Amino acid sequence: MGKTIAEKIITSHLVSGKMNLGEDIGLRIDQTLTQDATGTMAYLEFEAMGVPRVKTERSVAYVDHNTLQSGFENADDHSYIKYIAKKHGIYFSRPGNGICHQLHLERFGIPGKTLIGSDSHTTTGGGIGMLSFGAGGMDVAVAMGGGEYHINMPAMVKINLIGVLSPWVSAKDVILAILQKLSVKGGVGKIIEYGGEGVKTLTVPERATITNMGTELGATTSIFPSDEITRQFLEAQGRGDCWIELKPDEDAVYDEIIDLDLSSLEPLAACPHSPDAVKPVKDLEDIKIDQCCIGSCTNSSYLDMMRVAAVLKGKTIHPDVSLTIGCGSKQVYHMLAMNGALADMIAAGARILECACGPCIGMGQSPKSGGVSLRTFNRNFEGRSGTADAQVYLVSPETAAVSALTGKFTDPRILGEAPEITMPEHFLVNDNLIVPPVSEALMETVEIERGPNIKAFPTSQELEASVEKKAVLKVGDNITTDHIMPAGAKILPYRSNIPYLSNFCFGVCDQSFPARCKEQGGGIVIGGHNYGQGSSREHAALVPMYLGIKAVVAKSYARIHCANLANAGLIPLQFDQESDYDKIDQMDDLSFPNIRAELEKGCAVTMKDLTKGIEIKLTAVLTPRQRQMVLAGGLLNYTGKAAQKSEA
Ligand code: MIC
Ligand code: SF4
């Protein structure tokens with residue numbers, strides 16, 4: 001039987017398990033990436049493993065998230081990461097160089113290789129034919145140490161692209177159309193592979209916009225073939241020698257095939273507060289706007305920026321709109337500066353930001369109270385912009401640029417003929433902000449600097465025979481990691497300080513949550529469907545663990561968060577009967593009388609609601625390996641135990 005592209009890469013990287021749908025498989029990881037907001041914790045975990053030099057083919061530490069230095073904290077983290085990189089054979093991308101995913105595509109990504117990154121949008125690498133996954137920091141630490149990365153073998157879905165995009169309709173509209181069709185849960189447990197004639201009409205950065213937001217579909221990852229267009233992109237980056245061709249076998253079998261006619265698409269917008277609340281831009285045209293933000297790992301390529309500059313050229317932004325633009329990389333920024341496009345943006349009145357995540361993660365540029373903000377980003381979760389009641393819409397760069405001129409939602413097709421913008425034959429390559437690893441002899445001499453903000457990561461204990469706790473919080477469907485552990489300029493600087501971060505846990509839903517956990521000595525969280533969607537931040541598991549949360553009981557989970565819970569030693573439990581969710585109220589007394597023995601046996605878990613006097617059956621959403629991890633109190637304890645066993 002023929003193989004899909006993803007199956008081919010999995011086959012060549014399979015270390016353990018069988019490629020049967022839903023089964024736990026372990027993959028060899030060729031490359032890793034970290035960013036600074038998750039990286040500090042990942043490197044603290046890596047240090048705890050005691051591996052002198054990373055065992056991957058390439059590991060890169062980027063600094064792109066916490067770049068607003070309004071105190072010593074972020075600068076301390078950057079410095080720590082710089083020294084860690086030097087000591088352990090890791091490439092270090094300095095602040096100012098750009099956003100990890102854009103940079104990885106430009107400078108390091110290789111078709112056919114595996115990549116995991118401590119950031120959920122690592123899936124961007126699928127645009128260049130990499131099998132790339134977002135993962136928790138602990139998983140990345142293990143991969144850097146040469147360990148396998150575990151996933152459940154996903155289903156294979158093909159999106160068959162037909163036709164060509166109409167003028168002013170862009171790759172962002174393609175993925176928004178898919179989100180409209182499939183929803184934020186539509187990709188769970190699936191790898192989405194793009195194929196069909198339409199693939200040839202999309203450049204690598206456009207493909208990367210689509211694979212980037214595969215994360216918003218909940219997909220395990222997304223991937224495009226590696227073809228002539230991929231080769232041209234790599235050659236233009238001076239890396240043509242890494243190209244290989246990758247395509248599915250003629251007789252590859254997919255679990256599902258979805259046809260998408262590119263020529264039928266129109267400019268779209270995801271409305272507040274979910275990436276799948278998608279409507280045509282033309283239906284929103286009465287809405288006045290306050291802000292437009294262009295950039296982020298979704299839409300900050302050279303092509304995106306040139307299109308924006310063409311719209312802005314010779315015009316002035318609307319008097320009521322603030323327009324910010326942040327390029328994805330120094331390469332893009334530099335090229336715009338050289339060819340005059342940057343001057344067109346500045347002249348039109350754009351506020352140019354440094355090459356970093358910036359407003360996408362609430363690092364500045366929060367909109368005014370109740371403000372309407374059009375963003376070319378990938379997430380519009382409530383409060384993520386830093387303004388609790390802001391109305392954030394996700395759109396293409398073309399829609400954002402033209403709307404910044406008119407002051408209201410505007411379909412870019414009103415502009416008439418679209419400018420002809422082509423991919424450059426050669427990108428401007430200057431890697432002077434990438435610090436390569438040093439020699440083994442030098443590595444040994446490196447002393448790591450640790451600022452006072454860097455605290456040791458919290459440790460967890462082995463699981464006890466039984467657990468009795470209160471349901472300290474009950475939440476609904478689609479709870480994001482931004483709800484559980486908010487980000488933003490005020491909190492992000494404390495990513496390496498779990499005790500401080502714990503004061504903000506679940507702040508978006510209920511500000512009294514941390515205090516209640518302290519009063520009650522921890523507890524259990526009750527959730528709905530797709531619990532933990534969004535970011536890969538393991539802080540959304542480590543912080544609840546620090547507050548004494550023992551388990552989450554939900555209707556279903558998002559993949560990365562579910563793995564992060566297990567890594568932290570928390571038990572992700574799922575209702576066998578969804579209607580049981582309605583029977584539990586916040587502050588009910590819950591008991592799990594045989595939890596340890598049940599997990600050891602791998603059987604159903606019994607929960608008693610002592611307040612209601614009822615018994616509820618649950619399933620632990622854990623692979624056999626994860627069950628052992630949870631019993632040991634998390635991945636680090638488990639890895640330590642496994643090491644002790646092999647020494648004995
Ligand atoms: C995000 O887009 O939410 C982030 C910030 O990039 C996160 C990582 C983090 O929380 O540091 C992600 O997507 O994984
Ligand atoms: Fe950065 Fe935003 Fe991309 Fe996350 S989604 S990596 S915050 S640009």
Side-chain angles (χ1 to χ4, degrees), residues 33-42 61-68 74 77 81 93 95 98-105 116-125 132-137 139-140 172 175 208-209 211-216 218 275 293-301 304 324 326-329 353-365 375-386 392 394 480-489 491-496 501 504 508 532-543 558-561 563-564:
L33 70 80
T34 55
Q35 40 93 333
D36 49 332
T38 52
T40 313
M41 194 56 71
Y62 294 94
V63 175
D64 53 1
H65 279 62
N66 294 351
T67 54
L68 210 64
N74 288 343
D77 282 6
I81 295 172
S93 170
I99 306 175
C100 55
H101 308 305
Q102 169 72 21
L103 283 167
H104 209 83
L105 210 63
I116 68 167
S118 60
D119 191 282
S120 63
H121 292 105
T122 304
T123 57
T124 313
S132 47
F133 307 95
D139 286 319
V140 176
K172 180 62 157 281
I175 188 65
T209 294
T211 53
N212 173 280
M213 280 190 81
T215 298
E216 277 51 62
C293 298
I294 299 176
S296 91
C297 58
T298 315
N299 277 125
S300 59
S301 66
D304 284 332
T324 74
C327 296
S329 67
L353 307 179
E354 71 171 312
C355 305
C357 300
C360 178
I361 192 54
M363 268 288 155
Q365 307 302 331
R375 301 179 160 212
T376 66
F377 309 164
N378 47 36
R379 289 183 174 147
N380 57 347
F381 303 146
E382 206 171 351
R384 180 174 162 104
S385 66
V392 177
L394 308 175
T480 71
T481 51
D482 279 287
H483 289 106
I484 307 171
M485 197 53 254
I491 310 179
L492 271 172
Y494 301 97
R495 279 292 181 87
S496 43
L501 273 188
F504 304 92
V508 184
Q533 68 160 326
S535 150
S536 66
R537 63 189 72 145
E538 60 187 338
H539 304 75
L542 293 176
V543 171
R559 179 186 73 89
I560 306 176
H561 184 61
N564 284 343

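Because the structure is a prediction, the values reported are computed rather than measured. Counting starts at 1 for both ligands and their atoms, following the listed order.
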Colleague: Given that the side chain starts at C-beta and the backbone is N, CA, C, O, which of these parts of His539 lies under 4.0 Å from ligand 1, counting heavy atoms, or is it both or neither?
Modeller: neither

Colleague: Mind checking whether Thr122 and Ile116 have side chains closer than 4.5 Å, heavy atoms only?
Modeller: no

Colleague: Identify, by atom number and element, the atoms of ligand 1 in contact range of Ile361, meaning under 4.0 Å from any of its heavy atoms.
Modeller: 5 (C)

Colleague: Enter the distance from Thr67:OG1 to Glu354:CD here, rounded to the nearest 0.5 Å.
Modeller: 4.0 Å

Colleague: If you measure from OH on Tyr62 to OG on Ser329, what distance do you get to the nearest 0.5 Å?
Modeller: 10.5 Å

Colleague: Only heavy atoms of Ser535, strictly under 4.0 Å: list the atoms of ligand 1 that pass.
Modeller: 3 (O), 7 (C), 8 (C), 9 (C), 10 (O), 12 (C), 13 (O), 14 (O)

Colleague: Between Ser120 and ligand 1, does any nitrogen or oxygen pair lie at a separation below 3.5 Å?
Modeller: yes

Colleague: So Asn564 and Arg537, do their side chains get closer than 4.5 Å, heavy atoms only?
Modeller: no

Colleague: Using a 4.0 Å cutoff against the non-hydrogen atoms of Asp119, which atoms of ligand 1 qualify?
Modeller: 4 (C), 6 (O), 7 (C), 8 (C), 12 (C), 13 (O), 14 (O)

Colleague: Verify side-chain contact (heavy atoms from CB on, under 4.5 Å) between Asp36 and Asp64, making sure each step is shown before the conclusion.
Modeller: CA-CA 7 Å; Asp36 49 332; Asp64 53 1; 3.3 Å; yes

Colleague: Out of all atoms in ligand 1, which are within 4.0 Å of some heavy atom of Thr38? Include the element for each.
Modeller: 9 (C), 11 (O)

Colleague: Could you list the atoms of ligand 1 found under 4.0 angstrom from a heavy atom of Ala37?
Modeller: 11 (O)

Colleague: Do ligand 1 and Ser536 have nitrogen or oxygen atoms that lie under 3.5 Å from each other?
Modeller: yes

Colleague: Of all the atoms in ligand 2, which lie at a distance below 4.0 Å from a heavy atom belonging to Cys360?
Modeller: 2 (Fe), 5 (S), 7 (S), 8 (S)

Colleague: Nearest 0.5 Å, what's the SG-NE2 distance between Cys360 and His121?
Modeller: 7.5 Å

Colleague: Step by step, work out the side-chain contact (heavy atoms from CB on, under 4.5 Å) result for Asp482 and Val508.
Modeller: CA-CA 8 Å; Asp482 279 287; Val508 184; over 6 Å; no

Colleague: How far does SG of Cys293 sit from CG of Asn299, to the nearest 0.5 angstrom?
Modeller: 12.5 Å

Colleague: Find all atoms of ligand 2 within a distance of less than 4.0 Å from any non-hydrogen atom belonging to Asp119, and give their numbers and elements.
Modeller: 6 (S)

Colleague: Look up atom SG in Cys100 and atom CG in Asp119, then write down how far apart they are to the nearest 0.5 Å.
Modeller: 5.0 Å

Colleague: Could you list the atoms of ligand 2 found under 4.0 angstrom from a heavy atom of His65?
Modeller: 1 (Fe), 4 (Fe), 6 (S), 7 (S)

Colleague: Between Arg384, Arg495, His65, Arg537, flag the one that comes closest to atom 11 (O) of ligand 1 by a heavy atom.
Modeller: Arg495

Colleague: Measure the distance from atom 1 (Fe) of ligand 2 to every protein heavy atom, then report the residue, atom name and distance (to 0.1 Å) of the closest one.
Modeller: Cys357 SG, 2.3 Å

Colleague: For ligand 1, which atoms have a heavy atom of Arg379 less than 4.0 angstrom away?
Modeller: 1 (C), 2 (O), 3 (O), 12 (C), 13 (O)

Colleague: Looking only at protein heavy atoms, which one is nearest to atom 8 (C) of ligand 1, and what is the separation?
Modeller: Gln35 NE2, 3.2 Å

Colleague: Could you list which atoms of ligand 2 come closer than 4.0 Å to a heavy atom of His101?
Modeller: 6 (S)

Colleague: Which atoms of ligand 2 are found less than 4.0 Å from any heavy atom of Ile361?
Modeller: 7 (S)

Colleague: Using a 4.0 Å heavy-atom cut-off, which part of Glu538 comes near ligand 1: side chain, backbone, both, or neither?
Modeller: neither

Colleague: With heavy atoms of His121 as the reference, note each atom of ligand 2 found under 4.0 Å away.
Modeller: 5 (S)

Colleague: Tell me which part of Asn378 gets within contact of ligand 2: side chain, backbone, both or neither, using heavy atoms under 4.0 Å.
Modeller: side chain

Colleague: Any side-chain heavy atom of Ser120 within less than 4.5 Å of one from Ile560?
Modeller: yes

Colleague: Below 4.5 Å, heavy atoms only, C-beta onward: do Cys357 and Met363 meet side chain to side chain?
Modeller: no

Colleague: Take Met213 and Lys172 through the side-chain contact (heavy atoms from CB on, under 4.5 Å) test and state the conclusion after the steps.
Modeller: CA-CA 9 Å; Met213 280 190 81; Lys172 180 62 157 281; 3.7 Å; yes

Colleague: What is the closest protein heavy atom to atom 8 (S) of ligand 2, and at what distance does it sit?
Modeller: Cys297 N, 3.3 Å

Colleague: State the CD-OG distance between Glu538 and Ser118, to the nearest 0.5 angstrom.
Modeller: 8.0 Å

